[in-house]
Amino acid sequence: MKKEVRGLNLVRMIAALGIILYHIGIELSTWEVAVPHKYGFYSANGQYSFIWVTIFFMLSGTVLYWNYEMVEAGKILGWWGKRLLTIYASFLPIYLICYFNTMIHYYDPFYQEYPLRLLFALTGFNGYFIETMPQYYFIGEWFLFPIVVMYLIYPLLAYCFGKSKLVTSIVITLLFLITNFAHITIGIDQMVSMSGCLFSFFLGMIICYFYKQLGKWPLWTWIAAMTLFIICQYVEIPFVDAAILYRFICVFGYIGIWGLGDIILKLDWLHKIVAFFSSISFEVFLVHHIWVIRLYKGLAYNIIDQVQYFKYLAFLLLIIVLEAFMLKLVGDGIKAKVLKRHC
């Protein structure tokens, strides 16, 4: 394992917060509550959700490439096992709690009438196919399927990238462009097609490669990237395919936030705070849907102005952080027991 890159903790924390704000915006706009739900919902070039999700996939590619430029062939199975354990040690506890709660409500363990799909749901893959078949879907876990796929193909991807960065880059880019323009996709949305997620993941690897070559982001690099990212939030860019445009915007934001983080997180006390929130970002992804929907239904009609909105937001963030932290403790405990037994 390489040393920690502090700037990535800021990227992870801001992206997690951005996803929460987006989903709050969805709920507020759906129920037509008179509040400023524009916060974190739309930019001049579309939904913020695609920006922050894309940045998360870039982050995954960066973190893996930073720590594992190459996975030895004889260690691939063990490497896969540790990656999957990290995911499911946190996912399964919260998923099962939600499932049993819903099952009790319906008095039927197979209330969707598709028992085999419950087994599929336990992998977390069901959310990615929610638009094509009935699901036991509770916590917004659609992203697990592409993430697991990225983990499974990473050893091969890293090997190919090590052998020929140019050829690998051309192949991944062409795959993305062809499937995007031909509208070839499975799952929930063209913007987060499997080839699109792979391309975002691979962009994270490329960005990490250049970061390693440079040693750090030059000041002008991340300031220019951040400036372009901010401009794209307020200035509409016409005549560019949305999926391609989002990736450009995300590269700007990713490098800009990363560079900013490398500077400001030199303050140890600030880094400790950001690192804590960064460490529970995956768990935040898993639990925030539950509380956004449940608390919103109970509090929505008390939100009548911006002051009430920000009070609601602060309370919601506190609940999400507390549950995510508890879920991480549970997940870490499960991982420790499994690793102790098999290592």
Undergrad: Once side-chain contact (heavy atoms from CB on, under 4.5 Å) is applied, do any residues pair with L245, and if so which ones, sequence neighbours excluded?
TA: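 Scan of L245 (side-chain contact (heavy atoms from CB on, under 4.5 Å), adjacent residues dropped) gives N45, I237, V240, I249.
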Undergrad: Describe, in one word, how the ring planes of W258 and W217 are oriented to each other, choosing from parallel (under 30°), tilted (30 to 60°) and perpendicular (over 60°).
TA: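 W258 and W217: perpendicular rings.
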Undergrad: Side-chain contact, heavy-atom cut-off 4.5 Å: M205 with F201?
TA: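 They are in side-chain contact.
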Undergrad: Count I, L, V, M, F, W, Y as connected when their side-chain heavy atoms are under 4.5 Å apart, and connections chain through other members. Are I263 and L214 then in the same cluster?
TA: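 In one cluster: yes.
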Undergrad: May I ask whether F210 and Y65 are part of the same hydrophobic cluster, defined by side-chain heavy atoms of I, L, V, M, F, W, Y residues being less than 4.5 angstrom apart, directly or through others?
TA: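 Yes, it is one cluster - the side chains of F210 and Y65 are joined through contacts under 4.5 Å.
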Undergrad: Which heavy-atom pair separates C160 from T168 by the least distance, and what is that distance?
TA: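 So the minimum-distance heavy-atom pair works out to O-OG1, 2.9 Å.
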Undergrad: Say whether, by atom type as modelled, one donor and one acceptor occur between the side chain of Y88 and the main chain of T123 under 3.5 angstrom.
TA: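 Answer holds: yes.
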Undergrad: Do F202 and T173 have side chains that approach each other closer than 4.5 Å (heavy atoms only, starting at C-beta)?
TA: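 The answer is no; the side chains never approach within 4.5 Å.
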Undergrad: Give, for atom CG of L177 and atom CD1 of I244, the distance between the pair rounded to the nearest 0.5 Å.
TA: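 Between L177 CG and I244 CD1, I get 5.5 Å after rounding to 0.5 Å.
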Undergrad: I'd like to know if the side chain of H23 reaches the main chain of I20, judged simply by a donor and an acceptor atom lying under 3.5 Å from each other, with no hydrogens or angles considered.
TA: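 Not confirmed, H23 side chain does not pair with I20 backbone.
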Undergrad: Could you tell me which non-hydrogen atom of L10 sits nearest to which non-hydrogen atom of I257, and how far apart they are?
TA: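 Shortest heavy-atom separation between L10 and I257 comes out as CD2-O, 3.7 Å.
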Undergrad: Flag the pair F143 / F57 as yes when their ring centroid distance falls below 6.0 Å, and as no otherwise.
TA: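 No, they do not, as the ring centres are separated by 6.0 Å or more.
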Undergrad: Going by side-chain hydrogen bond (donor to acceptor under 3.5 Å, both in side chains), name the residues that satisfy it together with W222, two or more places apart in sequence or in a different chain.
TA: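 Testing W222 for side-chain hydrogen bond (donor to acceptor under 3.5 Å, both in side chains), a comparison that skips the adjacent residues, returns none.
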Undergrad: Tell me whether F277 is reachable from L329 by hopping between hydrophobic residues (I, L, V, M, F, W, Y) whose side-chain heavy atoms are closer than 4.5 Å.
TA: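 The answer is yes; both residues are in one hydrophobic cluster.
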Undergrad: Looking only at non-hydrogen atoms, find the nearest pair between T62 and G204 and report the distance.
TA: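 Scanning both residues completely, I find the closest heavy atoms to be OG1-O, 2.7 Å.
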Undergrad: Does S43 reach the main-chain N or O of Q233 with its side chain, forming a donor-acceptor pair under 3.5 Å?
TA: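 Side chain of S43 to backbone of Q233: no pair is present.
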Undergrad: CD1 of I223 to CG of L260: how many Å apart, nearest 0.5 Å?
TA: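 Rounded to the nearest 0.5 Å, the CD1-CG separation comes out at 9.0 Å.
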Undergrad: Looking at Y22, is its backbone amide N or carbonyl O close enough to the side chain of S49 to form a donor-acceptor pair, meaning the two atoms are under 3.5 Å apart?
TA: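 Judged by distance alone, no pair lies under 3.5 Å.
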Undergrad: So how far is it from I19 CD1 to I14 CD1, rounded to the nearest 0.5 Å?
TA: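 Between atom CD1 of I19 and atom CD1 of I14 there are 13.0 Å.
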Undergrad: So, do V149 and C197 sit near enough that their side-chain heavy atoms are less than 4.5 Å apart?
TA: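 No; the side chains remain at least 4.5 Å from each other.
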Undergrad: Determine whether W80 and Y154 make a side-chain contact, defined as any pair of heavy atoms from C-beta on separated by less than 4.5 Å.
TA: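 Heavy-atom side-chain distance check fails, nothing below 4.5 Å.
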Undergrad: W79 vs Y68 aromatic rings, parallel, tilted or perpendicular, using cut-offs 30° and 60°?
TA: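 Perpendicular.
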Undergrad: For the CD atom on E72, are there more than 12 heavy atoms of other groups (residues, nucleotides or ligands in this structure) within a distance under 6.0 Å?
TA: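 Check fails, neighbour count at 12 or below.
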Undergrad: Can you tell me if T54 and R247 form a side-chain donor-acceptor pair at under 3.5 Å?
TA: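 There is no such pair (donor and acceptor under 3.5 Å, judged by atom type) between the side chains of T54 and R247.
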Undergrad: According to a hydrophobic-cluster definition based on side-chain heavy atoms being under 4.5 Å apart (Ile, Leu, Val, Met, Phe, Trp, Tyr only), do I206 and I153 belong together?
TA: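 Both belong to a single hydrophobic cluster.
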Undergrad: Do K328 and D332 sit within salt-bridge range, that is, some charged N less than 4.0 Å from a carboxylate O?
TA: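 A salt bridge is present here (some side-chain N lies under 4.0 Å from a carboxylate O).
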Undergrad: Passes side chain to side chain contact (heavy atoms under 4.5 Å, CB included), I264 versus V274? Steps please.
TA: CA-CA 11 Å; I264 66 174; V274 173; over 6 Å; no
Undergrad: Run L64 and Y151 through side chain to side chain contact (heavy atoms under 4.5 Å, CB included) and show every step you take.
TA: CA-CA 9 Å; L64 285 187; Y151 283 173; 3.7 Å; yes
Undergrad: Looking at every heavy atom in both S195 and T179, which two are closest together, and how far apart are they?
TA: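 In terms of heavy atoms, the two residues are closest at OG-OG1, 2.5 Å.
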Undergrad: Kindly work out whether a path of hydrophobic side-chain contacts (I/L/V/M/F/W/Y, heavy atoms less than 4.5 Å apart) joins V167 to Y159.
TA: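 In one cluster with V167: Y159, no.
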Undergrad: For the pair R6 and D268, evaluate salt bridge (Lys or Arg N to Asp or Glu O under 4.0 Å) and give the outcome as yes or no after the intermediate values.
TA: CA-CA 10 Å; R6 292 192 171 192; D268 288 337; 2.9 Å; yes
Undergrad: Can you name the closest pair of heavy atoms from I87 and I147 and give their distance?
TA: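 Distance-wise, the nearest heavy atoms are CD1-CG2, 3.8 Å.
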Undergrad: Does atom NZ of K165 have more than 12 heavy-atom neighbours, drawn from other residues, nucleotides or ligands, at distances under 6.0 Å?
TA: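 Count over threshold, so yes.
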Undergrad: If you define the side chain from C-beta out and look only at heavy atoms, does anything of Y246 sit under 4.5 Å from S200?
TA: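 Answer no - side chains too far apart.
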Undergrad: For Y211 and K216, work out which heavy atoms get closest and say how close.
TA: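 So the minimum-distance heavy-atom pair works out to CE1-CA, 3.7 Å.
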Undergrad: Could you check if a side-chain atom of F176 sits within less than 4.5 angstrom of a side-chain atom of L198, using non-hydrogen atoms only?
TA: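 SC-SC contact between F176 and L198 ruled out.
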Undergrad: Just say parallel, tilted or perpendicular for the rings of Y95 and F91, cut-offs at 30° and 60°.
TA: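 Plane angle between 30° and 60°, so tilted.
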Undergrad: If you count every heavy atom of other residues, nucleotides or ligands that lies below 6.0 Å from F276 atom CZ, does the total exceed 12?
TA: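 Correct, the count exceeds 12.
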Undergrad: Given side chain to side chain contact (heavy atoms under 4.5 Å, CB included), test M226 with I230 step by step and report yes or no.
TA: CA-CA 6 Å; M226 181 67 83; I230 293 172; 4.0 Å; yes
Undergrad: Roughly how far, to the nearest 0.5 Å, is CZ of F229 from SG of C250?
TA: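 Spacing of SG (C250) from CZ (F229) equals 7.0 Å.
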Undergrad: Any chance you could measure E323, atom CD, to I319, atom CD1, to the nearest 0.5 Å?
TA: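 One finds 8.5 Å between CD of E323 and CD1 of I319.
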Undergrad: Just so I know, are the side chains of M150 and S60 near enough to count as touching, which here means a heavy-atom distance under 4.5 Å?
TA: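 No - every pair of side-chain heavy atoms lies 4.5 Å or more apart.
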Undergrad: Ring centres under 6.0 Å, that's the criterion: do F125 and F145 meet it?
TA: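 Ring centroids of F125 and F145 are less than 6.0 Å from each other.
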Undergrad: Rounded to the nearest 0.5 Å, what separates atom CZ in F50 from atom CD1 in I55?
TA: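 Here the interatomic distance stands at 14.0 Å.
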Undergrad: Any non-hydrogen side-chain atom of F325 less than 4.5 Å from a side-chain atom of S279?
TA: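 F325 vs S279: side chains apart.
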Undergrad: Kindly determine whether M58 and V11 satisfy side chain to side chain contact (heavy atoms under 4.5 Å, CB included), including the steps that lead there.
TA: CA-CA 10 Å; M58 289 181 180; V11 175; over 6 Å; no
